[in-house]
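In what follows, a single structure is set out as structure tokens and then discussed.
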Amino acid sequence: MSSERQPENPASGGAGKHAWFSHDRLGMFIHWGLYALGARHEWLKNREELTDEHYQRYFDNFDPDLYDPKEWARRARLAGMKYVVVTTKHHEGFCLWDSKVTDYKAPNTPCGKDLLTPLVDAFRAEGLKIGFYYSLLDWHHPDFPIDVHHPLRNHPDAKALNAGRNIANYAAYMREQVRELLTGFGRVDIIWFDFSYPGREYHGLPGKGRGDWESERLVDLVRELQPGIIVNNRLDLPPGTLPDVTTPEQYTPRVAPAIASQGVLWEACHTFSGSWGYHRDEDTWKSPEQIIQLLIDSVSLGGNLLMNVGPTGRGTLDARAIAALEVYQNWMAVNGRSIYGAGPSDYPVPAGCRYTQRGNRLYLHVYNWPYRHIHIEGLADRIAYAQFLHDASEVRWLSQTKEVDSNIGVMVPEGMITLELPVRQPDVTVPVIEIVLKA
């Protein structure tokens, strides 16, 4: 990419055209495709090394008759999510929209229609910004060479099967599909490419990176069609090219990500359970505390959270996904102002807690509820007021005093303050104390 296309000071929280992203903080990821019918992981074609002929059963029976994108969008808004990123095409190669360059698309299944347009319309109507995920991998396309991630990687004739495959044809195919996505749906706020693996050779089959995807040409096309769009970091662009957003997956960084010591705009992506696509029998769903703490942990380091749902083959969100979304809904309804427009704080945080800060409002998120007191450094003579955020009930504090009965009194060292808390934790998944700082 040319220098004028670099993002604008991403470490500052997203200046200019990307300011909305770091303000909004929470988005919905949607993984939905033919794998929802298999209901045992979105990589099932890869994991089980299924042929196109075997996988065809999902295409032939894909008919999400209960699909209601307005309900998905409503639940996203209620959960406090401000943008959506949907898998327009995952690694299986199946397209949710009526692409003109493939027959492997929703309108050609028993469903018989474009599924992407009503989703975009529904989420826009709820006030959410629109993002499109697009897989660089494609296990169905005849010109996509077999490699370490391909379902046919262990086929005895894998190298021979690759002989007639032309990655340049596939790169051109991708550009045409990206052109369709960025010209047929109005303004698109994010494009989320996934993913590169140039160093992963397998049995003489090379991995893939920028040369295969023709990444710079692809990005130039994206910028031409949608100048204000956010592009993620998974295209294997040349060193020194700063992405718009960095995307750690299924973990929260210990410190804010940086590239060459320069801070970047970033977003962690996570699942409510252990898979991205609908998995009927998967049983590692996160607790309410984990769900909330993933969001707080990201914002406390200056990042966003993109939280995933995997709809069923009939086009519904199952009861587990709905319950998880309601955890956000209940918590964000009263604690949202500790997240929206907030970011990291320079104040030293007490053990078992996290800070976020917005202007003169410091938000103390209490992960481990103590017995009666939290001791805080760095805020002596700085506090104007303190309250629980969920109900605006006052939280009082003690400052350092010289004469204290050491047997029964609370010793507050010089330079510290001590918040006085109820013995029982309030009925909130993660209680938040809003501390108003003196001007």
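Reckoned from all heavy atoms, side chains included, excluding hydrogens, waters and symmetry mates.
- A 4.5 Å side-chain heavy-atom check between L419 and L364 finds at least one atom pair inside the cut-off.
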Check against side-chain contact (heavy atoms from CB on, under 4.5 Å), H23 and Y340 = CA-CA 5 Å; H23 176 275; Y340 303 129; 4.1 Å; yes

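- No hydrogens or angles considered: nothing links the side chains of Q293 and Y367 as a donor-acceptor pair under 3.5 Å.
- Using modelled atom types, one finds no donor on one side chain facing an acceptor on the other under 3.5 Å when comparing S135 with H90.
- Under the 3.5 Å distance criterion, the side-chain polar atoms of E71 are left unmatched by any main-chain donor or acceptor of A73.
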Are E92 and Y35 close enough, and set up right, to give a side chain to side chain donor-acceptor pair (under 3.5 Å), and what steps lead you there?
-> CA-CA 8 Å; E92 63 183 5; Y35 44 80; 5.4 Å; no

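- A 4.5 Å side-chain heavy-atom check between Y355 and P350 finds at least one atom pair inside the cut-off.
- Partner of L242 under the side chain to side chain contact (heavy atoms under 4.5 Å, CB included) criterion, out of L237, L265, V264: V264 alone.
- Between the side chain of N368 and the backbone N or O of A351, no donor-acceptor pair lies under 3.5 Å.
- Using a 4.5 Å heavy-atom cutoff, the side chains of L218 and R175 are in contact.
- Remark: the backbone N or O of T356 is not paired with any side-chain donor or acceptor of R361 at under 3.5 angstrom.
- With a 4.5 Å cut-off on side-chain heavy atoms, R217 and V219 do not count as touching.
- In this structure the side chain of I292 reaches within 4.5 angstrom of the side chain of Y328, judged on heavy atoms.
- Donor-acceptor pairing under 3.5 Å is recorded for the side chains of H365 and S338.
- Taking the charged nitrogens against the carboxylate oxygens, E126 and K70 have no contact shorter than 4.0 Å, which rules out a salt bridge.
- With hydrogens and angles ignored, the 3.5 Å screen pairs a side-chain donor or acceptor of R153 with a backbone N or O of H150.
- In this structure, K17 does not pair ionically with D244, as no charged nitrogen and carboxylate oxygen lie closer than 4.0 Å.
- One side chain, Q250 or T271, offers a donor N or O that lies under 3.5 Å from an acceptor on the other.
- The ring-ring contact (aromatic ring centres under 6.0 Å, His included) test with W139 is passed by exactly one of W43, F144, Y104: W43.
- Looking only at distances, no side-chain donor or acceptor of T88 sits under 3.5 Å from a matching main-chain atom of F132.
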When you look at Y58 and F94, which way does the ring pair (Phe, Tyr, Trp, His ring centres under 6.0 Å) test go after all the steps?
-> CA-CA 11 Å; Y58 304 127; F94 176 71; over 10 Å; no

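- Remark: side-chain polar atoms of R25 are paired, donor with acceptor, to backbone N or O of G302 under 3.5 angstrom.
- Judged by distance alone, with hydrogens and angles left aside, the side-chain atoms of T87 form a donor-acceptor pair with the main-chain N or O of W32 at under 3.5 Å.
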What do the steps show when you test W72 against Y67 for ring pair (Phe, Tyr, Trp, His ring centres under 6.0 Å), and what is the final call?
-> CA-CA 9 Å; W72 298 7; Y67 177 48; 5.1 Å; yes

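- No side-chain donor-acceptor contact under 3.5 Å links R124 to the backbone of D121.
- Taking 4.0 Å as the cut-off between side-chain N and carboxylate O, E282 and R40 do not count as a salt-bridged pair.
- Judged by distance alone, the side chain of E42 and the main-chain N or O of W276 form a donor-acceptor pair under 3.5 Å.
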Side-chain donor-acceptor distances from residues 183-199 under 3.5 Å, at least two apart:
unit_1: T183; atom_1: OG1; unit_2: R179; atom_2: O; d: 2.6
unit_1: R187; atom_1: NE; unit_2: D189; atom_2: OD1; d: 3.1
unit_1: D189; atom_1: OD2; unit_2: I130; atom_2: N; d: 2.9
unit_1: W192; atom_1: NE1; unit_2: E267; atom_2: OE1; d: 3.2
unit_1: D194; atom_1: OD1; unit_2: R234; atom_2: NH1; d: 2.9
unit_1: D194; atom_1: OD2; unit_2: Y133; atom_2: OH; d: 2.7
unit_1: S196; atom_1: OG; unit_2: W213; atom_2: NE1; d: 2.9
unit_1: S196; atom_1: OG; unit_2: R234; atom_2: O; d: 2.8
unit_1: Y197; atom_1: OH; unit_2: D147; atom_2: OD2; d: 2.4

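- E180 pairs by the salt bridge (charged side-chain N to carboxylate O under 4.0 Å, His left out) definition with nothing, not counting sequence neighbours.
- Using modelled atom types, no side-chain atom of R372 and backbone atom of P422 make a donor-acceptor pair closer than 3.5 Å.
- Partners of S393 by side chain to side chain contact (heavy atoms under 4.5 Å, CB included), not counting sequence neighbours, listed by chain and number: F388, D391.
- Across L119 and P69, no two heavy atoms sit closer than the pair CA-CB, 3.7 Å.
- Contact check for E394 versus Y385: side-chain heavy atoms found under the 4.5 Å cut-off.
- Nearest heavy atoms, V334 versus N330: CG2-O, 3.9 Å.
- Taking both residues in full, the closest heavy atoms of L44 and Y55 are given as CD1-CE1, 3.7 Å, listed atom of the first, atom of the second, then distance.
- With salt bridges taken as basic N to acidic carboxylate O contacts below 4.0 Å, one links D297 and R354.
- Side-chain atoms of L325 and M81, non-hydrogen and from C-beta on, do get closer than 4.5 Å to each other.
- A side-chain N or O of Q387 and one of E434 form a donor-acceptor pair less than 3.5 Å apart.
- Between atom CD1 of residue I435 and atom CZ of residue R382 there is a gap of 11.0 Å, rounded to the nearest 0.5 Å.
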